[in-house]
Amino acid sequence: MSHQGLERVKPATTGPVYNARFRTICTPQPMQDKYLPADIERAAQQHWDSTEAFRVAADTTKPKYYCLSMFPYPSGKLHMGHVRNYTIGDVLSRFHKMKGFNVLQPMGWDAFGLPAENAAIKNQVPPAKWTYDNIAYMKQQLKSLGFAIDWSRELATCTPEYYKWNQWLFLRMLEKGVAERKTQVVNWDPVDQTVLANEQVIDGRGWRTGALVEKREIPGYYLKITDYADELLSDLDELEGWPERVKLMQANWIGKSTGVRFAFSHTVGDENGLIGDGKMWVFTTRADTIMGVTFCAVAAEHPLALHAAKSNPELAAFIEKCKHGSVMEADMATMEKEGLPTGLFVTHPLTGEQVEVWVGNYVLMSYGDGAVMGVPAHDERDFAFAKKYKLPIEQVVAVGDKAYSLDAWQEWYGSKDGHCVNSGKYDGLSYADAVDAIAADVAAKNIGEKKVQWRLRDWGISRQRYWGCPIPIIHCDDCGSVPVPDDQLPVKLPEDCVPDGSGNPLHKRLDFLHVDCPKCGKQARRETDTMDTFVDSSWYYARYATRFGADKMVDEETDYWMTVDQYIGGIEHAILHLLYSRFWTKVMRDVGLVSYREPFAHLLTQGMVLNNAFFHKPEGGGKNYFWESEIDIQKDAKGHITGATLKKDGSTLEHELTTMSKSKNNGVDPQSLIEQYGADTARFFMMFAAPPEQTLEWSDAGVEGAYRFLRRVWSFGHLFATEIRPQIGATRSLAGAKLPEELAAFRREIHLLLKQANYDLGKQQFNTVASATMKMLNAIEKAPRQSALAAEVLEECFGILLRVLSPLTPHISHALWLQLGYGNDILAAAWPEPLDAALVQDEIELMLQVNGKLRGSLRVPADATKDAIEAAAVAHEAAVKFMEGKAPKKVVVVPGRLVNIVC
RNA sequence: GCCCGGAUGGUGAAAUCGGUAAACACAGCGGACUUAAAAUCCGCCGCCGCAAGGUUUACGGGUUCAAGUCCCGUUCCGGGCACCA
């Protein structure tokens with residue numbers, strides 16, 4: 001990567017003087033009595049840089065661990081969500097490194113995208129410059145957090161070295177028929193004459209012009225992810241390391257449904273013949289209700305609708321109206337359902353009755369055949385539609401003897417647990433039997449069959465935008481759409497354009513636009529559409545694992561590192577990014593590039609970091625956001641926000657709790673936290689605040705506590721160096737020694753906490769790992785320290801604490817490990833395991849319940865039998881009191897926990 | 001609207017397989033040290049009650065010797081809904 005800010009880290013030939021000292025001295029050395037995070041962190045980071053501690057290569061002598069965090073979009077500054085994400089990844093990476101794994105943790109930049117164009121419009125800066133400047137700044141921020149990243153593998157998706165392979169694989173997909181050109185529906189701003197992203201459509205209007213947005217059909221390239229729908233669904237079962245909820249969301253998104261596709265026949269046609277050869281196809285999962293059809297509805301773009309509109313101005317106007325409004329599913333689902341009859345009729349395939357065809361604004365051309373049968377009695381949406389337009393409703397399914405009423409929709413109307421009624425020969429059949437019988441009957445008439453239908457749609461990757469990967473196609477008047485030959489890749493994006501919001505600036509770049517046709521040599525026009533940025537992020541994990549500069553998309557080293565052992569990123573990516581990556585991987589496999597079929601073995605979906613956002617709703621629609629520094633906030637006694645006003649004019653603002661985002665002016669920059677307290681405090685606090693998968697409402701209350709804790713760790717280190725360690729003799733005597741009870745109890749406590757911490761690390765619950773380290777320090781500070789044996793126990797226990805702490809707070813752990821003489825480099829230390837000998841206990845405490853209520857506790861020998869425990873419990877003072885002279889009916893003994901006397 | 005999550009003290013949270021609700025912290029209150037402040041250390045800290053005790057995990061039911069945890073229903077909050085990334 002040749003660009004500024006993206007050069008690979010070069011091995012330092014000569015380290016700073018004190019670094020050499022750090023590496024060679026393993027005996028204790030004088031230490032600062034004050035905790036000075038800035039100095040400690042600078043020294044630790046220089047040590048890691050100079051020793052290239054995190055640069056890794058394939059090594060078959062060790063198990064590998066590829067730990068990947070979702071790469072950031074270079075929006076300008078890191079925010080707390082990034083700190084959370086990358087700290088989680090770093091904790092796992094460092095933990096596994098100490099466990100003996102060969103750990104790869106790379107980092108890069110998801111560098112194409114809309115915000116760079118927005119910044120360009122606002123500041124007149126080319127997106128490239130803005131992006132590379134942001135990368136440089138954010139890279140330095142990441143470095144200051146001390147992440148164990150192999151920076152030699154850094155990549156940015158906006159560099160030709162990277163996106164060349166997007167283009168290359170796209171051409172392979174074209175060859176295989178996985179990519180194809182067809183039409184797509186986009187948001188069109190009629191004033192700016194440009195395509196808008198969903199985000200740029202606010203309340204149905206263009207974000208800059210305020211003009212009513214139109215739907216427009218334009219050509220674009222699609223990747224046939226639906227060809228992989230079956231495999232994407234079934235392979236979910238193999239992803240044992242994925243959260244169930246994510247797999248469920250993906251399965252629902254893919255949306256496999258089995259039903260019947262059949263045709264209503266008709267005689268509607270014009271001079272070109274019958275429309276659709278006289279068949280209007282529909283798909284239904286409720287074929288059992290086919291005898292209850294009272295109307296049909298088609299999408300506004302359906303050929304029958306368009307045909308009817310030719311002679312029906314009212315209908316034409318309605319179809320025109322349907323063209324406005326949103327293309328978003330959420331809007332489609334919540335909008336008022338409207339329709340208009342076409343005056344056309346189709347024939348019911350089984351009854352032969354004439355059924356009227358309506359145009360419905362809720363019917364999607366993109367799902368199935370763009371037409372549906374209407375069974376108002378048993379479909380909630382059809383019911384509402386029929387009531388609104390006074391269409392007949394005919395019950396054809398009964399559940400038990402429940403009475404059907406037209407007054408209001410009831411839950412059971414949509415049930416599949418009933419049987420057919422009013423359905424002629426199908427009466428009495430269950431859902432499954434009726435579907436089978438009806439499918440057989442339409443099949444016999446050759447007008448339908450059982451069919452699997454997917455909710456998943458093909459992936460449209462064409463974007464009418466500048467700052468993205470050029471689609472490698474040349475349009476020739478004679479030859480059509482011609483793929484760019486491989487030897488002319490990459491098609492490089494000019495980096496000096498400044499978009500102004502009025503369409504793709506590439507249209508004005510004649511040096512880019514004008515190109516000779518690769519087939520006939522005539523002057524032709526280069527495709528100006530660029531790829532969806534989800535393409536960039538669909539395979540970056542494989543590129544990290546490829547040797548830098550390889551003139552292949554992926555190389556042999558990829559086989560060593562892939563698949564990713566642990567992937568970490570926000571839950572907001574649970575569907576799209578992860579599904580596209582899975583799809584892309586399967587295509588790469590089918591092209592013969594890789595041998596694995598799934599990219600991510602384990603997935604940790606981090607909860608969002610939320611913050612309040614404050615905004616005005618201006619008249620033209622949309623939201624104007626303000627920074628918290630610009631407003632006054634009113635809170636109630638419990639601290640809940642009750643209102644907010646703008647400082648400059650006192651106007652009232654609305655507020656919402658939402659994800660941190662540059663566009664909402666509610667992102668919190670970690671920089672001040674790092675400068676004030678240091679990276680270790682920021683990291684520790686972030687991990688301590690909540691378990692990683694939980695949504696986190698940002699607050700810095702508690703940062704002081706994390707800082708105080710690290711100061712205490714340092715102070716104890718100092719005390720250990722000056723007062724405790726000197727008591728230790730030349731030979732150690734801890735192993736095999738019988739410890740006095742107080743010392744044994746202390747040591748047991750530390751080893752129990754270690755056991756707990758290891759368990760929690762396995763669960764990836766880092767907040768309780770952090771609290772375990774705090775408990776350890778609390779115990780260590782109170783422990784006996786006035787003997788050689790006590791000093792040895794403390795040496796062991798503090799060593800455990802430093803190692804458990806090191807993934808969370810690597811800098812202070814590095815400094816203390818070195819300066820207290822534990823070893824040269826804590827990264828090379830083995831992860832601690834609890835010792836059985838330290839855990840043994842003679843007596844245990846059981847809780848005592850009477851009728852399920854806690855009444856006391858009793859101490860029993862650790863090896864006491866159930867009978868002995870029961871006898872002791874019944875005789876216990878508190879038990880006798882609360883049993884009030886009644887005889888026990890039952891005594892429940894839960895080993896190691898409690899006794900419950902029921903009387 | 002549909003799909004997926006979540007809700008526990010003043011606050012962030014803990015509770016591993018249904019078995020001591022509130023660990024560990026933050027904030028607060030009281031005290032020690034200090035000329036003072038900061039820092040540090042000690043103590044208290046769900047609610048009601050003088051106490052004994054009672055009571056408490058969004059709300060309403062249920063299962064169980066035992067429910068924050070399992071089941072049914074409801075409310076509110078967050079994520080996603082295919083062109084934000």
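As a basis for the values below, the full set of heavy atoms in this structure was taken, side chains included, without hydrogen atoms, waters or symmetry mates. Letters A, B, ... are given to chains in the order of the sequence lines, protein chains preceding strands, and every chain is numbered from 1.
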Distances under 3.5 Å between protein N/O atoms and the N/O atoms of nucleotides 20-23 of chain B, please, pair by pair.
unit_1 : atom_1 : unit_2   : atom_2 : d
B:A23  : O2'    : A:Lys775 : NZ     : 3.1

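- Between A:Glu380 and A:Ala772, the residue anchored closer to the 5' end of RNA chain B is A:Glu380, taking for each the nucleotide with the nearest heavy atom.
- Atom CG in A:Asp760 sits about 15 Å away from atom P in B:C24, given to the nearest Å.
- Residue-level contact check: A:Gln184 touches the bases, meaning some heavy atom is under 4.0 Å from a base atom.
- For A:Pro470, the side-chain contact (heavy atoms from CB on, under 4.5 Å) partners at least two apart in sequence or on another chain are A:Tyr163, A:Gln167, A:Val491, A:Leu493, A:Phe512.
- RNA chain B forms stems at B:1-7 with B:75-81, B:10-12 with B:24-26, B:28-32 with B:40-44, B:46-48 with B:53-55, B:58-62 with B:70-74, each a run of 3 or more consecutive Watson-Crick or G-U wobble pairs whose two key distances fall under 3.5 Å.
- You'll find that the side chain of A:Leu248 is closest to B:G5, out of B:G19, B:G5, B:A82.
- Comparing B:A13, B:A85, B:C2 by their nearest atom to the side chain of A:Glu329 picks out B:C2.
- Ring geometry, A:Tyr707 versus A:Tyr677: the interplanar angle exceeds 60°, so the pair is classed perpendicular (tilted spans 30 to 60°).
- For A:Asn900 against B:C65, a side-chain-to-base donor-acceptor contact under 3.5 Å is present.
- Note: A:Trp109 and A:Phe71 fail the aromatic proximity criterion, with ring centroids not under 6.0 Å apart.
- Between B:C83, B:G78, B:U55, one nucleotide has an atom nearer to the side chain of A:Asn187 than all others, and that is B:C83.
- For the pair A:Glu697 and A:Asp331, both in contact range of RNA chain B, the more 5′-proximal nearest nucleotide belongs to A:Asp331.
- One atom, CZ of A:Arg712, and another, P of B:A25, lie 7 Å apart when rounded to the nearest Å.
- Screening A:Trp539, A:Trp253, A:Tyr540, A:Trp459 against A:Tyr580 for a ring-ring contact (aromatic ring centres under 6.0 Å, His included) leaves a single residue, A:Trp459.
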